[in-house]
Peer 1: 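After the structure tokens below, expect a handful of questions from me.
We name chains A, B, ... by the order of the sequence lines, and we start the count at 1 in each one. Predicted, not measured: the structure shown is a model, and the values here were computed from it.
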Amino acid sequence: MPENFIQDIITEDLKEGKYGGRVRTRFPPEPNGYLHIGHAKSICLNFGLAQANGGLCNLRFDDTNPTKEDVKYVESIKEDVRWLGFDWDDRCYYASDYFEELYEFAIQLIKAGKAYVCDLSPEEIKEYRGTLTEPGKESPYRNRSVEENLDLFRRMRAGEFPNGSRTLRAKIDMASPNLNMRDPVLYRIIHAPHHRTGDKWCIYPTYDFAHPLSDAIEQITHSICTLEFADHRPLYDWLIENVDFSKFGPVKPKQIEFARLNLTHTVMSKRKLRQLVERGYVSGWDDPRMPTIAGLRRRGYTPEAIRDFCERIGVAKRNSIVDIALLEHCVREDLNKRAPRVMAVLRPLRVVIDNYPDDQVEWLEAENNPEKPEMGTRRVPFSKVIYIEQDDFMENPPKKFYRLAPGREVRLKNAYIIRCDRVVKDERTGQVIELHCSYDPNTKSGSPGANRKVKVTLHWVSAAHAIPAEVRLYDYLFLSENPDELEDFLSDLNPNSLQRLESCMIEPSVAGAPPGTRYQFLRQGYFCVDPDSTPEKLVFNRIVTLKDEWAKVAGTR
RNA sequence: UGGGGCGUCGCCAAGCGGAAAGGCAUCAGCCUUUGGAGCUGACAUUCGCAGGUUCGAAUCCUGCCGCCCCAGCCA
């Protein structure tokens with residue numbers, strides 16, 4: 001893991017012998033949605049930092065609000081963390097496991113005169129809180145006796161009071177310039193079943209109360225969170241200082257904040273992602289265009305590429321938007337080494353090789369990956385009628401177009417050099433529907449005559465042997481780099497973010513490939529078999545294109 | 001007009017008083033049976049701005065300017 005300011009802090013702590021040389025972090029998702037690439041940054045950071053410093057990282061579900069959370073998210077979160085390549089062993093915890101201990105901590109504070117039951121309504125609490133520039137007013141219930149507070153708090157737990165009627169508040173400072181210190185709510189009454197504790201509780205701790213103390217219970221040394229919690233740190237520290245949790249150990253956890261990840265051409269907030277799903281702009285949380293882990297996985301991204309990305313973006317406190325081109329670079333780099341090459345024609349154009357024997361089929365040898373000879377070779381069938389890409393032919397080619405055109409020669413990858421002799425067009429539309437070519441038998445790949453230079457090599461597929469497939473091409477979900485700064489981010493949705501090509505032709509070697517199999521389609525990009533595939537028809541997702549010099553020249557990029 | 005955080009190349013990001021790492025992107029060339037990959041080279045006399053301290057400042061001081069976060073019984 002590369003150096004960053006948090007590692008610097010850990011290094012310093014280790015040097016000073018703080019925490020007895022222990023490092024313990026935690027990844028604390030709330031089970032109320034799916035994980036996205038921003039979470040991946042946090043996961044890589046927390047697990048990575050622990051790993052790099054001989055420590056461990058816990059998985060802890062921050063499930064203190066039963067009205068927003070659901071077990072269904074727990075499994076997906078675990079699956080995503082595991083898929084990213086991290087392991088919490090038997091350390092999967094829940095804040096709800098600590099409800100009894102947290103309750104005791106609250107009793108402690110009450111007994112010490114540092115917390116009180118407040119009968120103000122939510123609206124009144126808001127009024128009493130003051131504003132950014134004016135101090136708040138003390139609650140009239142602030143100076144209840146310890147006995148009364150104890151009694152009331154027990155009765156809150158017993159379910160004697162309705163939702164919102166009372167809260168437990170810390171007694172700190174209503175005049176603090178930091179609003180979080182103006183007697184923050186520690187417990188609220190919520191008569192709702194919890195996904196893990198059922199109806200055992202009707203009072204639930206707030207994040208502010210539960211988080212630092214859960215960290216203390218788990219003896220977390222470095223509690224890493226995002227920037228917006230910086231204002232909560234004084235409260236975090238206040239609780240760590242004012243609660244006696246020594247029976248759990250001597251470590252006093254400390255909170256460290258870093259900037260969350262933003263990516264160009266997408267949105268990251270759960271609220272916005274949820275809108276995309278619920279309003280049907282995407283097919284689900286795992287739509288391959290989504291920045292969710294599930295979406296990236298389905299798209300075909302590898303965990304290695306995502307981890308590499310998370311390392312390269314660095315960790316700092318500056319709000320930033322990372323160019324999605326870096327993520328794309330990371331998958332390309334990973335897949336270039338790993339993905340077998342295969343030929344697939346996305347928009348087929350029929351080519352008849354007039355001088356090739358009618359019924360002849362040659363099985364030609366093709367490298368699976370020129371970057372890695374040890375990945376071996378395979379045989380691809382060549383015959384009289386083949387398909388090439390429509391984009392690889394132009395009747396009136398512009399200047400820098402190197403591909404096939406009337407009278408021009410190109411090489412067919414792993415096969416022969418062909419020349420275009422005749423163009424067949426649809427009489428009414430003028431559309432090119434077929435090409436007649438001739439091949440040079442002396443130019444077979446690997447033979448001495450194959451050395452002749454031609455400008456470019458095309459991919460192709462034998463018509464009689466090709467298997468049909470659907471290919472889904474993806475583009476950015478949003479047109480602008482930062483849809484977050486728009487009044488209406490939905491107005492920025494890219495109408496062409498998904499393009500389905502239903503009649504693609506692929507070389508027969510890919511037949512039967514299971515979902516999740518990744519290939520490089522020669523000259524086009526990296527593709528992954530989608531779970532929508534059936535025995536009759538494979539469905540592929542384009543993970544990312546190859547870099548495309550021609551697209552740049554032609555201005556189609 | 002409160003508090004907290006942040007301002008180094010188009011995008012990330014090192015740097016912590018001795019004189020601007022690296023990655024992505026971009027551009028140019030080489031190479032290539034993927035216009036892929038690979039290789040080579042170019043790319044901040046300058047660190048939000050203005051003063052000051054110092055032999056010496058992106059790094060220290062002062063003052064401005066700009067951006068982000070906070071008034072949920074969300075996290």
Peer 1: Which residues satisfy the side chain to side chain donor-acceptor pair (under 3.5 Å) test with A/T167, sequence neighbours excluded?
Peer 2: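 Once residues adjacent in sequence are excluded, A/T167 has no partner under the side chain to side chain donor-acceptor pair (under 3.5 Å) criterion.
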Peer 1: Would the number of heavy atoms belonging to other residues, nucleotides or ligands and lying under 6.0 Å from CZ of A/R260 be above 12?
Peer 2: no
Peer 1: Hey, are A/R60 and A/E218 close enough for a salt bridge, meaning a charged N less than 4.0 Å from a carboxylate O?
Peer 2: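 Salt bridge flag = yes for A/E218 with A/R60.
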Peer 1: For A/E138, check side chain to side chain donor-acceptor pair (under 3.5 Å) against everything at least two apart and list the hits.
Peer 2: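 Partners of A/E138 by the side chain to side chain donor-acceptor pair (under 3.5 Å) criterion, ordered by chain and then number, come out as A/R142.
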Peer 1: Enumerate all atom pairs, one protein N or O and one N or O from nucleotides 64-69 of chain B, separated by less than 3.5 Å.
Peer 2:
unit_1: B/C68; atom_1: O2'; unit_2: A/N319; atom_2: ND2; d: 3.0

Peer 1: Any N or O donor-acceptor pair under 3.5 Å from the base of B/G4 to the side chain of A/R233?
Peer 2: no
Peer 1: Between A/Y236 and A/H232, is the gap from one ring center to the other below 6.0 Å?
Peer 2: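 Aromatic pair excluded; centres sit 6.0 Å or further apart.
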Peer 1: A/Q524 near the nucleic acid: base, sugar-phosphate alone, or nothing, with a heavy-atom cut-off under 4.0 Å?
Peer 2: nothing
Peer 1: Using the C1' atom on both, measure B/G3 against B/A71 and round to a whole Å.
Peer 2: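 Approximately 12 Å lies between the C1' atom of B/G3 and that of B/A71.
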Peer 1: Mind jotting down which residue pairs meet the ring pair (Phe, Tyr, Trp, His ring centres under 6.0 Å) criterion with at least one end in residues 324-345 of chain A? Sequence neighbours excluded, please.
Peer 2: none
Peer 1: Write down the distance separating the P atoms in B/G23 and B/G17, rounded off to the nearest Å.
Peer 2: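 Here B/G23 and B/G17 have their P atoms 26 Å from each other.
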Peer 1: Name every residue in residues 154-171 of chain A that has at least one heavy atom under 4.0 Å from any atom of RNA chain B, in order of residue number, or write none if there are no such residues.
Peer 2: A/G164, A/T167
Peer 1: On RNA chain B, compare the nucleotides closest to A/Y402 and A/V185; which residue's is nearer the 5' end?
Peer 2: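 Whichever sits nearer the 5' end wins; that is A/Y402.
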Peer 1: Please state whether the phosphate of B/U34, meaning OP1 or OP2, lies under 4.0 angstrom from any side-chain nitrogen or oxygen of A/H459.
Peer 2: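 No.
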Peer 1: Using a 4.0 Å heavy-atom cut-off across all strands, classify A/H232 as base, sugar-phosphate, or nothing.
Peer 2: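 Since a base atom lies under 4.0 Å of A/H232, the category is base.
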Peer 1: When all nucleic acid strands are considered with a 4.0 Å heavy-atom cut-off, which category describes A/L235: base, sugar-phosphate, or nothing?
Peer 2: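 The residue A/L235 makes no contact with any strand.
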Peer 1: On the 0 to 90° scale, with breaks at 30° and 60°, tag the A/F99-A/W201 ring pair as parallel, tilted or perpendicular.
Peer 2: perpendicular
Peer 1: Would you say A/R318 reaches B/A13's phosphate, i.e. side-chain N/O to OP1/OP2 under 4.0 Å?
Peer 2: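 Yes, because at least one side-chain N or O of A/R318 sits under 4.0 Å from OP1 or OP2 of B/A13.
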Peer 1: Not counting sequence neighbours, which residues clear side chain to side chain donor-acceptor pair (under 3.5 Å) with A/R403? List them please.
Peer 2: A/D392
Peer 1: Can you tell me which nucleotide in B/A75, B/U34, B/A71 comes closest to the side chain of A/L546?
Peer 2: B/U34
Peer 1: Rounding to an integer number of angstrom, what distance separates B/A42 and B/G2 when you compare their C1' atoms?
Peer 2: 50 Å
Peer 1: Using a heavy-atom cut-off of 4.0 Å across all strands, would you classify A/Y416 as base, sugar-phosphate, or nothing?
Peer 2: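 Nothing, no nucleic acid heavy atom in range.
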Peer 1: Toward the 5' end of RNA chain B, which comes first, A/A316 or A/P370, by nearest nucleotide?
Peer 2: A/A316
Peer 1: Could I get the full list of ring pair (Phe, Tyr, Trp, His ring centres under 6.0 Å) partners for A/Y73, not counting sequence neighbours?
Peer 2: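 Result, ring pair (Phe, Tyr, Trp, His ring centres under 6.0 Å) vs A/Y73: A/Y34.
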Peer 1: Among B/G35, B/C73, B/G36, which is the nearest nucleotide to the side chain of A/N336?
Peer 2: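 Between B/G35, B/C73, B/G36, the one nearest the side chain of A/N336 would be B/G36.
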Peer 1: Does B/G4 have OP1 or OP2 sitting under 4.0 Å from an N or O in the side chain of A/N178?
Peer 2: no
Peer 1: May I ask you to say what A/I321 touches in the nucleic acid, namely base, sugar-phosphate or nothing, with a heavy-atom cut-off under 4.0 Å?
Peer 2: sugar-phosphate
Peer 1: Please determine if a side-chain N or O atom of A/R129 lies less than 4.0 Å away from the OP1 or OP2 oxygen of B/C70.
Peer 2: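 No, because none of the side-chain N or O atoms of A/R129 sits under 4.0 Å from OP1 or OP2 of B/C70.
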Peer 1: Taking the C1' atom of each, how far is B/A44 from B/U8, in whole Å?
Peer 2: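 About 8 Å, rounded to a whole number of Å.
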Peer 1: Could you tell me how far B/C11 sits from B/U1 if I compare only their C1' atoms? Round to whole Å.
Peer 2: 36 Å
Peer 1: Checking all strands, does A/V454 fall into the base, sugar-phosphate, or nothing category for heavy-atom contacts under 4.0 angstrom?
Peer 2: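 No contact.
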Peer 1: From the options B/G2, B/A75, B/G36, select the nucleotide whose nearest atom is closest to the side chain of A/L132.
Peer 2: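 For A/L132, the side-chain atoms sit closest to B/G2.
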Peer 1: Give me the distance, rounded to whole Å, that separates B/C49 from B/C65 when you measure between the P atoms they each carry.
Peer 2: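 The answer is 15 Å between these two P atoms.
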Peer 1: Starting at CE of A/M181, measure out to CD1 of A/I172 and round the result to the nearest 0.5 Å.
Peer 2: 4.5 Å
Peer 1: So A/T64, base contact, sugar-phosphate only, or nothing? Heavy-atom distance under 4.0 Å.
Peer 2: sugar-phosphate
Peer 1: List for me each residue that meets side chain to side chain donor-acceptor pair (under 3.5 Å) alongside A/T206, sequence neighbours excluded, and say none if there are none.
Peer 2: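 Partners of A/T206 under the side chain to side chain donor-acceptor pair (under 3.5 Å) test: none.
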Peer 1: Examine B/G35: is either OP1 or OP2 under 4.0 Å from a nitrogen or oxygen in the side chain of A/K400? Give yes or no.
Peer 2: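 Checking A/K400 against B/G35: no side-chain N or O falls below 4.0 Å of OP1 or OP2.
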Peer 1: How far does the P atom of B/C31 sit from the matching atom of B/A25, given to the nearest Å?
Peer 2: 23 Å
Peer 1: Any side-chain N or O of A/T264 under 4.0 Å from OP1/OP2 of B/C11?
Peer 2: no
Peer 1: Distance check, rounded to the nearest 0.5 Å: A/S223 atom OG versus A/N46 atom CG?
Peer 2: 8.0 Å
Peer 1: Check this one for me: any side-chain N or O of A/R523 less than 4.0 Å away from OP1 or OP2 of B/G35?
Peer 2: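 For B/G35, OP1/OP2 do have a side-chain N/O of A/R523 under 4.0 Å.
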Peer 1: Establish whether the base of B/G36 is bridged to the side chain of A/E371 by a donor-acceptor pair shorter than 3.5 Å.
Peer 2: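 Yes.
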Peer 1: What is the glycosidic conformation of B/G51: syn, defined as within 90° of 0, or anti?
Peer 2: anti
Peer 1: Between B/A71 atom P and A/L179 atom CG, what is the distance in whole Å?
Peer 2: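 Rounded to the whole Å, the gap is 7 Å.
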Peer 1: Can you check whether A/K317 has a side-chain N or O nearer than 4.0 Å to OP1 or OP2 of B/G4?
Peer 2: no
Peer 1: Got a sec, which residues hit ring pair (Phe, Tyr, Trp, His ring centres under 6.0 Å) with A/F153, two or more places apart in sequence or on another chain?
Peer 2: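 For A/F153, the residues satisfying ring pair (Phe, Tyr, Trp, His ring centres under 6.0 Å) (neighbours in sequence not counted) are A/Y103, A/Y187.
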Peer 1: Just the atom pairs and distances: protein N or O near nucleotides 31-33 of chain B's N or O, under 3.5 Å.
Peer 2:
unit_1: B/U33; atom_1: OP2; unit_2: A/K453; atom_2: NZ; d: 3.3
unit_1: B/U33; atom_1: O2'; unit_2: A/K413; atom_2: NZ; d: 2.6
unit_1: B/U33; atom_1: O2; unit_2: A/N414; atom_2: N; d: 3.2
unit_1: B/U33; atom_1: N3; unit_2: A/R411; atom_2: NH1; d: 3.4
unit_1: B/U33; atom_1: N3; unit_2: A/S445; atom_2: OG; d: 2.2
unit_1: B/U33; atom_1: O4; unit_2: A/R411; atom_2: NH1; d: 3.2
unit_1: B/U33; atom_1: O4; unit_2: A/S445; atom_2: N; d: 3.3
unit_1: B/U33; atom_1: O4; unit_2: A/S445; atom_2: OG; d: 2.5
unit_1: B/U33; atom_1: O4; unit_2: A/G446; atom_2: N; d: 3.3

Peer 1: Select base, sugar-phosphate, or nothing to describe what A/S320 touches, counting heavy atoms under 4.0 Å on all strands.
Peer 2: sugar-phosphate
Peer 1: Pick the P atom in B/U26 and in B/C16, then give their distance to the nearest Å.
Peer 2: 32 Å
Peer 1: Can you tell which of B/A75, B/G2, B/G10 lies closest to the side chain of A/P177?
Peer 2: B/G2
Peer 1: Please give the nucleotide sitting opposite B/U40 as a Watson-Crick or G-U wobble pair, both distances under 3.5 Å, or none.
Peer 2: B/A28
Peer 1: By the salt bridge (Lys or Arg N to Asp or Glu O under 4.0 Å) test, which pairs, at least two apart or in different chains, include something from residues 163-181 of chain A?
Peer 2: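 Non-adjacent pairs meeting salt bridge (Lys or Arg N to Asp or Glu O under 4.0 Å): A/D119-A/R166.
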Peer 1: Please name all residues satisfying side chain to side chain contact (heavy atoms under 4.5 Å, CB included) with A/P348, sequence neighbours left out, ordered by chain then number.
Peer 2: A/V345, A/Y387, A/M505
